[in-house]
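Residue numbering restarts at 1 for every chain, and letters A, B, ... go by the order of the sequence lines. No hydrogens, no waters, no symmetry mates; every other heavy atom, side chains included, goes into these values. Owing to the predicted nature of the structure, the values given are computational and were not obtained by experimental measurement.
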There are 2 protein chains.
Amino acid sequence: MKQRSDEHHLAEQLEKAGIRPSAQRVAIAGYVLSTADHPSADEVWQRVKTDFPMVSRATVYNTLQLFTEHGLLRQLVLAEGCVVFDPKVEPHHHFVDDATGAIEDIPWAALRVAKVDDLEGVDVREYMVVVRGRRRGKKAP
Amino acid sequence: MKQRSDEHHLAEQLEKAGIRPSAQRVAIAGYVLSTADHPSADEVWQRVKTDFPMVSRATVYNTLQLFTEHGLLRQLVLAEGCVVFDPKVEPHHHFVDDATGAIEDIPWAALRVAKVDDLEGVDVREYMVVVRGRRRGKKAP
DNA sequence: GGTCTTTTTAGACTACGTCCAATTATCGGC
DNA sequence: GCCGATAATTGGACGTAGTCTAAAAAGACC
């Protein structure tokens with residue numbers, strides 16, 4: 001149920017982002033740029049294969065990387081199945097250093113989130129703020 | 001450089017949490033309950049093996065699971081290497097459904113985080129709130 | 001049409017995690 | 001202390017997600 005105009009529009013979108021629109025890339029874009037899911041890379045591969053059986057896994061991974069570099073996608077690192085352990089069991093927030101990937105704890109009181117209780121339709125069990133950035137000064141003189 | 005009293009203290013801590021303190025569990029606890037790192041399960045295994053060469057991977061994974069169930073550890077799902085893609089590139093927050101694992105977007109304006117700019121020693125690139133819980137009502141009559 | 005660059009491909013390889021059946025350790029009662 | 005029941009541990013098979021590479025295919029340009 002693909003429309004030629006859809007593909008044309010997608011190709012334009014890729015070009016606008018500075019990406020050459022190959023057939024594979026258009027097929028991948030057709031799924032990943034419009035879905036409300038938050039698919040993993042392999043899920044994208046599985047999905048795209050149904051339309052485009054000959055696409056290789058490497059292509060899908062490379063293409064998602066490319067889209068991300070050009071600002072068409074964001075990578076989230078909060079999915080299930082990828083777990084680290086923290087002996088500090090009280091609620092607290094987290095800081096992730098862009099340079100090293102290290103995770104540090106931020107005390108609960110250092111931040112405050114307003115309006116969590118106003119969220120409609122959900123029972124909140126817990127929440128945390130994830131801050132990403134770089135440690136300042138310290139090392140570089 | 002292990003102190004007998006340390007091990008004794010750890011064993012007590014496990015018992016207090018309702019866990020039978022086997023030698024392997026004490027060794028695992030000795031690392032994971034006191035570290036400031038946020039190790040992955042495999043990192044814990046690598047580490048514990050240096051003290052306790054015969055421990056099997058299954059034991060470490062089971063034990064971490066057990067500690068988590070008994071409240072000695074928390075699992076964080078925000079580490080690198082575990083990525084999902086989101087075509088919505090503007091800043092927004094995320095809701096993770098405990099029941100299904102599905103990730104939903106929360107509009108940026110629905111929450112507000114106070115004091116992010118007060119964090120000392122870091123240059124913040126981005127941040128988001130991760131809310132976990134359950135969707136209410138809707139489906140069940 | 002030829003050539004130079006970009007893209008894609010298949011498959012080997014690694015890392016991480018799960019599962020299971022068999023073995024070993026531990027506990028409580030005698 | 002010994003014994004049977006229960007709990008814990010083991011190693012290895014298995015599965016899945018992801019990376020890497022060398023070679024083939026496609027596309028751009030003259």
Notebook entry, point to check: Can you check the B/Leu14 CG to D/dA8 C1' distance for me, whole Å?
Noted result: 14 Å

Note to self: Atom CZ of residue position B/Arg47 - does it have more than 12 heavy atoms of other residues, nucleotides or ligands inside 6.0 Å?
What the structure shows: no

Margin query: Expressed as a whole number of angstroms, how long is the span from A/Glu69:CD to C/dT7:P?
Written below: 12 Å

Margin query: Among A/Arg135, A/His92, A/His93, A/His94, which residue satisfies the side-chain hydrogen bond (donor to acceptor under 3.5 Å, both in side chains) criterion with A/Glu104?
Written below: A/Arg135

Checklist line | Between P of D/dA26 and CZ of A/Phe52, the distance in whole Å | finding: 11 Å

Next item on the list: Take atom CG of B/Asp42 and atom P of C/dC16, then tell me their distance rounded to the nearest Å.
Entry: 5 Å

Note to self: Nearest whole Å is fine: how far is D/dT9 P from B/Trp45 CH2?
What the structure shows: 16 Å

Notebook entry, point to check: Near DNA chain C, which residues from residues 55-66 of chain B have a heavy atom under 4.0 Å away?
Noted result: B/Arg57, B/Ala58, B/Tyr61

Next item on the list: Return the 5'-most residue of the pair B/Arg20, B/Met54 with respect to DNA chain D, ranking by each residue's nearest nucleotide.
Entry: B/Arg20

Check: Does A/Ser22 have a side-chain nitrogen or oxygen under 4.0 Å from the phosphate oxygens OP1 or OP2 of C/dT8?
Finding: yes

Note to self: How many whole angstroms separate atom CD1 of A/Ile28 from atom C1' of C/dT8?
What the structure shows: 10 Å

Margin query: Looking at every non-hydrogen atom in both residues, tell me the closest pair between B/Lys115 and A/Ala110 and how far apart they are.
Written below: CB-O, 3.5 Å

Next item on the list: Would you please indicate yes or no on a ring centroid separation below 6.0 angstrom for B/Trp108 and B/Tyr127?
Entry: yes

Checklist line | Whole-Å distance separating the NZ atom of A/Lys49 from the P atom of C/dT8 | finding: 17 Å

Notebook entry, point to check: Do the side chain of A/His38 and the main chain of B/Ile103 share a donor and acceptor less than 3.5 angstrom apart?
Noted result: yes

Checklist line | Set of salt bridge (charged side-chain N to carboxylate O under 4.0 Å, His left out) partners for B/Arg125, sequence neighbours left out | finding: A/Asp98

Checklist line | Whole-Å distance separating the CD1 atom of A/Ile19 from the P atom of C/dT6 | finding: 15 Å

